[in-house]
Amino acid sequence: MDIPTRLQTLDWERYTKCARQAAADGIVLLRNEKAVLPLPEGETVALFGASQLCYYKSGTGSGGMVNVSHVVSIREALEDEPSIRLNRSVLHLYDRYVDEHPFAAGEGWGKDPWSQAEMPLDKETAKQAGRDSRTAIVVIGRTAGEDRDNKAEPGSFLLTETELDMLRTVRGAFSRMVVLLNTGNVIDMRFADEIKPDAVLYVWQGGMVGGLGVVDVLTGRVNPSGHLTDTIAERIEDYPSSGNFGTGVRDVYQEDIYVGYRFFETVARDKVLYPFGYGLSYTTFRISARKKQSEPLARLSVDLEAEVTNTGHAAGREVVQVYAQAPQGVLGKPARVLVGFEKTRLLMPGESQTLQIQIPVRSFASFDESGKTAEISAWVLEEGRYDLYVGENVRDAVILDSEDGAFTLSEDWMVLQEEEALAPACRFDRMAMSEENGEVHLVYEETPLRTIDVEKRIYENLPGEAAQTGDRGLKLSDVEKGSCRLEDFVAQLSDEDLCAIIRGEGMGSPLVTPGTAAAFGGVTKRLRDFGIPAVCCDDGPSGMRFDCGDHAFSLPNGTMLACTFDRELNEQLFSFLGLEMVKNRVDCILGPGVNIHRNPLNGRNFEYFSEDPYLAGEMAAAQLRGLHQSGVTGVLKHFCANNRETRRHELDSVVSGRALREIYLRPFEIAVREGGADALMTTYGKVNGIHTASLYDLTTTILRNEWGFDGIVMTDWWAAMSEDPSELAPSEASEPGTGEAEGEDVRRLKRSIEGKTYDFSPMVRAQNDLYMVVPDGEKTAPSEDGEAGEPTTLSALQGGRLTRAELQRSAMNICRFAMKTEAMKRLLGHPTEVTVENVPEGEDLSAVESVTFQPVPQEGLELDLSSVHPQRGEDYLFGLQVTPNTHYRIELKAESVSGVLAQIPVSLFFTTIPVAEWMFGGGEGSEAVKETTFFSTTRNSVMRLHFGQSGLVLKSLRVQSIGT
Ligand code: BGC
């Protein structure tokens with residue numbers, strides 16, 4: 001049967017509009033004294049802050065590497081805004097300053113500076129600007145990212161003295177002052193109380209259209225409706241995790257479940273500057289909520305109805321937030337827990353909307369890991385009265401039905417029985433709450449320790465083996481069509497095939513779209529002959545990263561998207577991203593990132609959503625729904641407790657079973673159960689002593705057995721795993737050290753990065769199906785690499801350290817996943833074709849072309865380029881298969897027919913890194929040769945020639961190794 005190609009259209013204008021809406025709706029207005037905002041029509045504005053010339057579209061590292069054709073910065077958007085008159089002399093001042101003090105870009109991975117040096121602002125200049133313009137807008141910029149935590153230092157989490165002086169000076173010169181915080185994450189906010197700007201807005205990092213979103217809010221075209229997804233405390237030391245957010249190899253999560261507002265609202269209300277969920281609007285709202293049931297819990301949920309009325313003078317949107325308060329009981333509870341939220345549509349002044357909010361009973365439950373109630377490892381509602389609070393933020397939410405509360409239980413109610421899993425093995429005390437005379441106090445208690453034997457659990461639950469049949473001619477498409485069982489298909493795979501299918505190939509695998517993170521599934525010819533497609537995954541999470549330099553849409557960062565509290569908007573935005581992925585033959589994006597903002601200093605907070613697990617889970621579920629609508633998917637990351645970047649490969653997060661369940665696992669659980677997540681990425685580090693890449697209870701007991709997940713789990717890139725079986729179940733309860741060095745982990749990591757890890761059995765045993773990444777999927781045994789003696793997955797199988805059935809189980813997970821992908825449809829010849837409409841002029845959107853990778857032999861390689869006729873602005877991509885860590889000479893031979901004074905620039909890039917800038921003069925027909933050297937870091941190197949002008953006749957390109 002001929003299956004027709006599915007045709008889809010990606011409307012670039014609607015995509016851009018949607019991202020722009022998110023970049024406005026995620027903005028959080030913290031102050032707006034004297035109604036200084038929105039700016040009136042024709043307002044004269046002086047723009048301060050050197051960051052106006054360095055807009056941060058995102059944080060740094062893999063989540064920030066989307067190449068774009070253009071970023072609309074705040075300044076550019078203001079300059080283009082007809083209703084605002086910008087003070088030109090102040091702009092020129094900053095232009096001159098930045099000319100003289102060029103911005104530091106930082107050198108290398110994880111080295112980007114957190115901010116740029118601020119221009120000292122003298123009082124006279126500010127006064128003059130204050131006479132010429134009515135409103136001052138000051139931009140403060142910050143970034144951080146992967147392998148780059150924030151620090152509690154000026155220039156990072158704290159403002160610098162120069163920045164503070166600038167703010168004071170501007171305050172002295174202007175009666176109307178607005179501060180814009182272009183940051184990935186919350187920063188120290190004490191300046192707001194001291195300097196008292198009239199308006200302060202977190203504008204976050206809004207992606208490539210971020211500046212437009214900011215101006216939409218400043219002008220009032222969009223009424224701000226974003227709300228904080230983190231508490232802003234007075235000082236960094238006030239955050240309950242700060243004392244245990246270290247730089248060593250172990251972080252003990254002593255604050256337990258009391259993360260963010262769960263801590264502050266319970267025992268430290270006075271430390272809060274801006275509460276969780278806070279965010280102002282240009283209008284006001286009245287919320288009146290009521291319980292809908294006369295019989296609460298009859299349907300295992302509490303159903304509410306909240307009528308929201310716009311009581312002000314501007315159209316706007318409101319977020320209704322619902323918090324639960326459970327009785328303290330024997331477990332101890334936070335004073336507030338977010339259990340529901342809804343956002344209204346745009347309401348005109350005087351208009352009302354009724355929102356329905358359903359709260360399942362499970363949301364009121366706590367996890368009892370040790371049987372303090374009568375239950376062990378179970379979600380329990382303790383007896384007593386349960387209250388709900390409804391409002392615009394956690395602090396202002398008011399009690400619903402003060403007489404009866406939400407419901408009262410006369411005895412404990414166990415709503416879900418789970419198994420003991422992931423409990424810590426080392427002793428530490430954790431925060432707990434104790435209630436005396438109605439007052440709740442902070443106390444510390446011993447954390448319950450692991451009591452089960454994980455190894456025994458693994459052995460008792462080994463899967464059954466499908467007897468190997470050899471090739472019976474069954475293809476994966478036969479399983480898809482239902483004409484054979486997946487078990488029978490996988491039974492055909494040899495041991496070598498099984499050891500190959502668990503490896504992803506990358507980065508920049510020639511099997512998939514150039515410049516992407518990995519190929520998996522059909523990574524060998526034999527596997528492809530069985531009809532298993534090579535599936536493509538790529539970073540993530542805020543747009544696609546193409547290391548070959550190609551462009552993609554860059555979305556607002558995770559924090560900003562969550563601040564919208566808007567499920568539909570997230571879903572829609574990600575359905576657009578999904579179409580863009582299909583167009584570029586990317587099957588899964590490495591995101592959403594749902595780790596908890598445990599501490600504001602985590603460098604990757606920008607990619608993640610919130611300190612609250614429910615909100616994080618809901619946002620992830622919405623984004624996944626959007627991707628699924630377009631036929632692609634996301635890889636939820638990083639599973640779990642990935643809450644610090646410094647020494648992340650060695651970091652052991654020591655966390656109680658309860659905190660894991662209620663805080664750190666919860667967003668993943670929501671995304672799996674509600675968002676239909678079918679792919680996850682584990683972390684580099686360890687949870688309670690075991691690398692998550694080989695943590696059976698995480699990726700089998702909890703994820704699959706309890707949550708019903710039947711997708712794939714992949715490691716983070718080159719992640720190490722716990723190899724020694726004794727590490728799987730440390731039995732002795734030890735004291736947590738602060739340990740400064742764990743040589744073994746570093747050794748394992750280096751081996752992984754060098755592509756010298758061959759034994760993936762601990763990972764397979766845990767049902768972490770895929771190792772990401774090896775340089776060459778075809779290469780299996782170390783003997784082929786000339787390194788006999790290294791244990792391999794095959795030798796683990798032969799030596800009984802792994803069973804064939806375990807390998808088959810992961811192979812089935814991978815095949816089941818691969819069958820659902822666009823890669824499968826492409827293989828079967830009926831791909832979805834996406835055409836892009838309404839692309840503005842100047843936007844370069846060609847889908848990433850495929851690249852052929854040519855091996856560079858010892859004697860060198862000569863590529864014939866005579867059929868390539870480059871025009872101005874065009875790129876020519878080519879792939880080299882080289883020996884990593886080797887120097888190569890590259891020579892480009894070309895002739896130009898132009899006159900002698902012609903200048904034809906050609907640039908050579910390796911991924912996005914410039915390797916050479918060549919200028920071909922007008923040779924009037926004579927041949928010229930340009931050369932450079934290049935140091936290879938990866939086996940498959942996508943190279944790009946960029947032509948700044950037309951008029952070159954290409955001849956050839958020669959590549960020759962010149963040694964290490
Ligand atoms: C990051 C992941 C990312 C991967 C591939 C790792 O360093 O931790 O989040 O998806 O690289 O780029």
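Indexing begins at 1, ligand by ligand and atom by atom, following the structure's order. Computed from a predicted model, the values in this text were never measured in an experiment.
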- [ ] Could you tell me whether a side-chain N or O of D716 sits under 3.5 Å from a main-chain N or O of A719, the two making a donor and an acceptor?
- [x] no

Open item on the list: Looking at W717 and A518, would you say the former's side chain and the latter's main chain have a donor-acceptor pair under 3.5 Å?
Closed with: no

TODO: Please confirm whether R944 makes a cation-pi placement over F909, using NZ or CZ under 6.0 Å from the six-membered ring centre and within 45° of the ring normal.
DONE: yes

Open item on the list: So, using side-chain contact (heavy atoms from CB on, under 4.5 Å) as the criterion, who are the partners of T692 when residues are at least two apart?
Closed with: T682, T683, V687, L695, L698

TODO: With sequence neighbours left out, write down each residue that passes salt bridge (Lys or Arg N to Asp or Glu O under 4.0 Å) with D538, or none if nothing qualifies.
DONE: none

Task: Residues lining ligand 1 [heavy-atom distance under 4.0 Å, listed by chain and residue number] - done: S62, E146, M507, D539, R545, L590, R604, K637, H638, R648, M681, Y684, D716, W717

TODO: Sort and list the pairs that fulfil side chain to side chain donor-acceptor pair (under 3.5 Å) and have at least one residue in residues 592-603, not counting sequence neighbours.
DONE: D230-H597, S241-N599, S242-N599, E255-R598, N595-Y608, N595-H638, N602-N605

